[in-house]
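Report on one structure; see the data block that follows.
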Amino acid sequence: MLRVRFAPSPTGYLHIGSARTFIFNWLYARHNGGTMILRIDDTDVERNTQASLDSIFDGLNWLDLGWDEFYRQSERLDLHRKLAQAIFDKGSAYRDFTPAQADTEDKSREEGRTWLFNPGMRELSKEESDRRAGAGEPFVLRFRVPRGEDRTVKFKDLVYGEQSKEADDIEDFALLRSNGMPTYHMASCADDADLKISHIIRGQDHLTNTFKHVLIFAALGGEVPEFAHLPLLIAPDGAKLSKRKHGPVVSVTTYRDAGFLPHTYINFLCLLGWSPKDDRELMTRQELIDVFSFAGVNRSNAVVNFTEEDPIDPKALWLNGQHIMGLSVEELSKQLQPWVRAAGFDVEPARLLQIAPLIRERIKTLRDVATVADFLFAKQLPPYPAEELIPQKGDAVMALKVLQRARQVLEPVEFRHDSLDAALRAEAATLGVKAGQMFQPIRVAVCGRKNAPPLFETLEVLGREACLERIDQAIQKLQ
RNA sequence: GGCGCUAUCGUCUAACGGUUAGGACAGAGCCCUCUCAAGGCUUAAAUACGAGUUCGAUUCUCGUUAGCGCUACCA
C-alpha cells in the first residue's frame, strides 16, 4: 500500500515551496491510488504559532486537493519517546551530559572538520550513565553512529539516484533533547515508521539528513521507506525563498489574493522542477495525475521569477489567463462573483453571465474583473477627459456629430450585435467617416475609456437605456 | 572549513552519444482587427570553464569555478 505524507511545521506561513511539495505528494498518491497524509510537525513548541497553522490550512484548502488522513505530531510524543528508548535499549543511542553550548559551530570550524560527538560521552559506562541520569543530570540522547568500521550509509533516491556517505562523516545527532522532547529527526522517523509511510517526498534540503534517517529506520528495525527529494524553489537572486528576505511573495496566499485559480497555481508549481517531457504546459488536474512520475523531476533548483515590484511570475499569469479562457461562462461567472463584490459592485448572476464572455479573453486574474468590467457594473461612469471622445484624425466637431447621430440611430435600433453593427456602420458611411472614427467616440462615451471589449457586444450588454444616457452625458461634455 | 547535491536561452524546460540544440513565458516586429485583448507568423536569446573517453559529446569521466543544502538540544 502506497502511503505518502506532507509534514509542514507551523513556524511560518505556508510558502510556495511547501505547497509544491504537498502537490507532488498528492499527485504521486493519486497517480498510484495511494494514501495522502497530512501531518503537522509541531514538536518545536517554542516556534509554533496558531497563525501559521491557520495559514497552512488556508493555503491547502484553497488548493482544494484534500488529504486522506490527518495527524498532529505533538499528540504522538509518547510514541517518539518510546521508539527513542528502544533505540537506546539496543545500544544504538547514548546519553550525552555535555551542557548545551552555543559556540559549537566556531569550535568545529577551527578544527577544520565537522564536529562528530562530544569526547567521553560515547564511552560512558552504563553504570555511570544510569547514575548521572538517576541523579537528575540533564542529557540529550544521541544516536551512536558507527565509527571506524569503514561503513557507508546508502539509499537510492527516486530523483537523485544512488546516494552514499561515509558513516564517519555523520555526527552523533540528537534524538531527544534535554527537556525530553524529540528532535525533528526522531519524531519524523518515528512517525513515518509508525504511519507506514512508503515514500518520503520532500525538499532537497533534507537530502543529507536522509543518511541520518536511514540510520534511525534501520535501528527501529522496520522497513526503510523510499525517498524522493525535490529540487528547491529559489528566488531570482539565487537565495532560498524566505519570508524575511523576500516578503509575502513566497506565501501561497499572495497568488490566491491576486485572483489566481487554484488549479493554475497547481499547474504552475508542477512546471517548476518537473516536466511531462512533451512540451505540454497547460494541463488539467487529471492530466497531471495521469502523467506525474519522478522520472520527470529535475535535480537542479528552479527560480520563481518575481521582482520587488511584481510578486507574480509572468508565466503563472499567462497560465492563469489560459485557464480562465478554458472556463465555461457559467463557471467563470461563478468564480468572478466574489471578486465583483469585493470591488464594491453589486451584480445579478444573470447579468454577470452576460458579462463573462466579454471579458474572458481580457483578464489574466479574477481580480482583473474590477478594472476591465467596472463600467459595466457602475451606475455612473467615473469622470474622464472630454478629449478622449475625439477619434483618430478627427476633432471635437466630428466627435459631437458622431455621438448625436449615434444617439438617433441607437434610439430605435434592435439592441443585438448584428443590428447594431449594421446600423452603426451604415451611419458611418452616411457621415463619411471611417468605422473606427464612428466607434471610438461611442466606445468612450459608453465605457469611459478607449480600451474596452468590442463595441457591439458591450452596447448589447449595457442596454439601450444606459447607452443613451451615457451618450447624452458625453454630448454635454463636448458642448 | 567538512560532507553532499546541482550546472542548457533573462526565466521554466526538451534533447537519456549523432538535432540547423526544440518548446513555453517574458522582449522585439509583422498580420488579423472598431479600441483592448485573444489568435497567427517572424525574430533575438543557451549547453559555466578546462581536460579526457569516443569516429562523434549538452549527454560519459575527471578537474576547476559557481550556486545551493546539511554541518543545532530548528524543522
Practice prompt. Using both distances under 3.5 Å as the test, list the Watson-Crick or G-U wobble partner of A28(B), or none.
Written response: U42(B)
Worksheet item: Is a donor-acceptor pair below 3.5 Å formed from side chain Asn301(A) to base G69(B), judging by atom type as modelled?
Response: no
Item to complete: Give Gly273(A) one of three labels, base, sugar-phosphate or nothing, depending on what nucleic acid heavy atoms sit under 4.0 Å from its own.
Response: sugar-phosphate
Discussion item. Which nucleotide wins on minimum distance to the side chain of Met325(A), given the candidates C34(B), G39(B), A14(B)?
Written reply: G39(B)
Item to complete: Just call it for Glu171(A): base, sugar-phosphate, or nothing, with non-hydrogen atoms closer than 4.0 Å on any strand.
Response: sugar-phosphate
Practice prompt. Please work out which of the three classes, parallel, tilted or perpendicular, describes the rings of Tyr265(A) and Tyr255(A), given edges at 30° and 60°.
Written response: tilted
Worksheet entry | Crowding at CZ, Arg151(A) (>12 non-hydrogen neighbours, <6.0 Å) | no
Practice prompt. Classify the nucleic acid contact of Asp421(A) as base, sugar-phosphate or nothing, counting any heavy atom under 4.0 Å across all strands shown.
Written response: nothing
Practice prompt. Indicate, yes or no, whether a donor-acceptor pair under 3.5 Å links the base of C5(B) to the side chain of Arg299(A).
Written response: no
Worksheet item: Between Phe211(A), Phe217(A), Phe173(A), which is the residue that forms a ring-ring contact (aromatic ring centres under 6.0 Å, His included) with His185(A)?
Response: Phe173(A)
Worksheet item: Looking for any heavy atom pair under 4.0 Å, which part of the strands does Asn209(A) touch: base, sugar-phosphate only, or nothing?
Response: base
Item to complete: Go through the N and O atoms of the side chain of Lys315(A) and the base of A24(B), and report whether any donor-acceptor pair is under 3.5 Å.
Response: yes
Worksheet item: Closer than 4.0 Å, any side-chain N/O of Arg142(A) to the OP1 or OP2 of C73(B)?
Response: yes
Discussion item. Is a donor from one side chain sitting under 3.5 angstrom from an acceptor on the other, for Asp310(A) and Thr307(A)?
Written reply: no
Worksheet entry | Selected nucleotide, minimal atom distance to Asp169(A) side chain, candidates U35(B), C3(B), G69(B) | C3(B)
Worksheet entry | Under 3.5 Å on both distances, the Watson-Crick or G-U partner of C70(B) | G2(B)
Worksheet entry | Mate of A57(B) where both pairing distances stay under 3.5 Å, Watson-Crick or G-U | none
